[in-house]
There are 2 protein chains.
Amino acid sequence: MPVIPSVYQNFDDKMRRILYNVLSAKTILYKSNQMISYSMGKRNVIGIVEQGQVRMIRYEYTGERTILDEFDEGDIFSDMFVESDFSELSVEAITNCAVTFIDYEEMISKAESSKLALQFLNNFIHVISHTLVKRNERIELLTTRSIRNKLLAYFELQAKKSNSKTFNLNYSYTDLADYLAVDRSALMRELKYLKEEKFISDVNKKITLLY
Amino acid sequence: MPVIPSVYQNFDDKMRRILYNVLSAKTILYKSNQMISYSMGKRNVIGIVEQGQVRMIRYEYTGERTILDEFDEGDIFSDMFVESDFSELSVEAITNCAVTFIDYEEMISKAESSKLALQFLNNFIHVISHTLVKRNERIELLTTRSIRNKLLAYFELQAKKSNSKTFNLNYSYTDLADYLAVDRSALMRELKYLKEEKFISDVNKKITLLY
DNA sequence: TTTTGTCTGTTGCAATTGCAACAAAAAAAC
DNA sequence: GTTTTTTTGTTGCAATTGCAACAGACAAAA
């Protein structure tokens with residue numbers, strides 16, 4: 001079972017408080033559907049999702065929407081990880097959530113003198129690495145050559161993550177289509193074929209791989 | 001003009017030698033087309049491309065090939081960044097090249113005591129961040145909804161990187177198709193249309209955006 | 001509790017894409 | 001400099017996908 005790294009690995013509450021004090025971290029609360037704007041001028045800022053769920057979304061001028069990434073508790077996001085002027089990106093709170101912001105340079109410079117900050121830095125790297133893994137997975141999904149293969153690859157990934165052939169979809173099909181970058185109705189059609197051909201079963205959002 | 005981060009930022013040759021000594025780094029030479037196997041048992045190993053060009057490729061059992069990523073001088077790759085058992089991945093030397101391998105835990109633990117190692121760690125994070133940016137770009141390309149849009153998005157990215165409407169393709173069209181995950185002949189056809197409709201000109205691999 | 005909005009499920013039709021197959025050009029190997 | 005391999009360029013045809021439009025289910029808000 002893969003361990004999902006967290007920036008708080010080996011940290012208890014007290015250590016966390018000390019650390020956040022050392023790093024001058026700020027925690028901000030957002031309501032669901034609220035926009036999160038975190039680019040504070042020229043500084044490299046890191047956002048840590050403490051609670052709730054956050055998504056990075058691209059809106060095309062055509063009205064097309066693509067879910068670029070989803071961040072859950074313990075995930076981090078940062079403008080350091082995004083080329084800003086490629087297209088219109090926004091980060092949105094999906095649920096009510098709490099996000100802590102840290103200044104990157106602060107984190108590095110404090111790592112020299114504070115063991116806690118170095119440990120945090122270490123955790124931070126593991127989290128970025130894991131983010132990279134997620135991105136790679138995404139790329140692997142997107143580079144499969146048909147909707148059928150995209151769906152199966154996605155389902156297999158979910159099955160692997162939940163360690164079972166049966167799992168609950170936590171995307172709506174509308175969102176899944178945006179995530180896999182395909183037309184929703186075409187996705188529904190392919191899903192129907194997959195059910196008809198007994199590749200999967202789908203009892204309202206509970207998917208089972210039948211092979 | 002965006003600065004591409006390097007793990008050797010602020011390092012001269014002497015510092016680099018000292019650092020590599022501290023970290024017990026090993027540099028290995030590969031001939032072009034040679035396979036690079038870098039997973040040294042259970043350790044987290046980081047490969048730094050010193051010279052030449054390296055690609056990460058997925059081969060499907062169907063014979064399909066997808067170029068997942070390309071690493072140039074100063075880029076890093078690591079098994080930390082890849083979920084190993086998803087599909088058959090290989091890392092291959094495209095040209096003759098030199099790759100330095102570093103043990104991740106070594107890098108972290110030495111950062112505490114060695115200023116040089118901490119600086120290297122800092123650089124390392126910037127490089128990973130940049131890798132993430134590249135992955136995001138890739139995802140943005142892959143999530144556009146047609147071959148035409150993929151091509152245009154790719155061309156625009158290259159134009160932006162070379163800071164000019166004219167630039168040289170360094171992929172063959174065969175490779176570009178594998179990179180954009182589309183059929184080669186379909187890509188050629190779309191390219192023809194783009195030329196006919198005066199969106200671009202293409203004088204043997206020198207592309208110009210005409211809009 | 002009604003209203004409003006979003007999500008699911010479906011379908012015909014058109015557009016796009018992939019596949020297969022081939023010839024010519026270019027590049028690499030000998 | 002000749003041979004071999006790879007890449008480019010093209011096309012007809014079939015399969016897949018997107019688009020548009022709709023009805024019903026479901027959820028959220030008033």
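Every chain is numbered from 1, with letters handed out A, B, ... down the list of sequences.
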Contacts of B:Asp175 and A:Leu187 projected onto DNA chain D by closest heavy atom; the upstream (5') one is B:Asp175
Under 4.0 Å between a side-chain N or O of B:Lys205 and OP1 or OP2 of D:dT7? no
Should A:Lys192 be listed as having a side-chain N or O under 4.0 Å from OP1 or OP2 of C:dT11? yes
Cation-pi geometry met for A:Arg138 and A:Tyr179 (6.0 Å, 45°): yes
Where the side chain of B:Met188 is concerned, which of D:dG12, D:dG9, D:dC19 is the nearest nucleotide? D:dG9
Length of the CZ-P vector between B:Arg184 and D:dT8, whole Å: 8 Å
Does A:Val182 or B:Leu191 map to a spot on DNA chain D nearer the 5' end, using the closest nucleotide for each? B:Leu191
Between the CD atom in B:Glu190 and the NZ atom in B:Lys150, the distance rounded to the nearest 0.5 Å is 11.0 Å
Would you mind reading off the distance between A:Asp183 atom CG and C:dA14 atom P, rounded to a whole angstrom? 17 Å
Euclidean distance, atom OH of residue B:Tyr193 to atom P of D:dT10 [Å, nearest integer]: 11 Å
Grab the CG-C1' distance between B:Asn96 and C:dA28 for me, whole Å please. 15 Å
Closest-nucleotide ordering on DNA chain C, the 5'-leading residue of B:Ser146 and A:Tyr173: A:Tyr173
Taking the side chain as everything from C-beta on, heavy atoms only, tell me whether B:Asn33 gets closer than 4.5 Å to B:Ile94. no
Applying a 4.0 Å non-hydrogen cut-off, can you work out what B:Ile147 is touching in the nucleic acid: base, sugar-phosphate, or nothing? sugar-phosphate
B:Leu180 CG - C:dT17 C1' separation (whole Å): 14 Å
For A:Asp202 and C:dT10, give me the distance from atom CG to atom C1', rounded to whole Å. 15 Å
Quickly work out the B:Glu190 CD to D:dT11 P distance and round it to whole Å. 15 Å
Nearest to the A:Ser185 side chain among C:dG18, D:dT17, D:dC19, which nucleotide is it? D:dC19
Nucleotide of D:dT16, D:dG12, C:dT11 approaching B:Arg189 most closely (side-chain heavy atoms): D:dG12
Say whether, by atom type as modelled, one donor and one acceptor occur between the side chain of A:Lys165 and the main chain of A:Glu156 under 3.5 angstrom. no
B:Asn149 CG to C:dT16 P: how many Å, rounded? 11 Å
Are B:Thr174 and D:dT8 close enough that a side-chain N or O sits under 4.0 Å from OP1 or OP2? yes
With nearest nucleotides of DNA chain C determined for B:Asn33 and B:Ala186 from heavy-atom distances, which residue corresponds to the more 5′ nucleotide? B:Ala186
Could you check whether any side-chain heavy atom of A:Ile46 comes within less than 4.5 Å of a side-chain heavy atom of A:Phe77, counting everything from C-beta outward? no
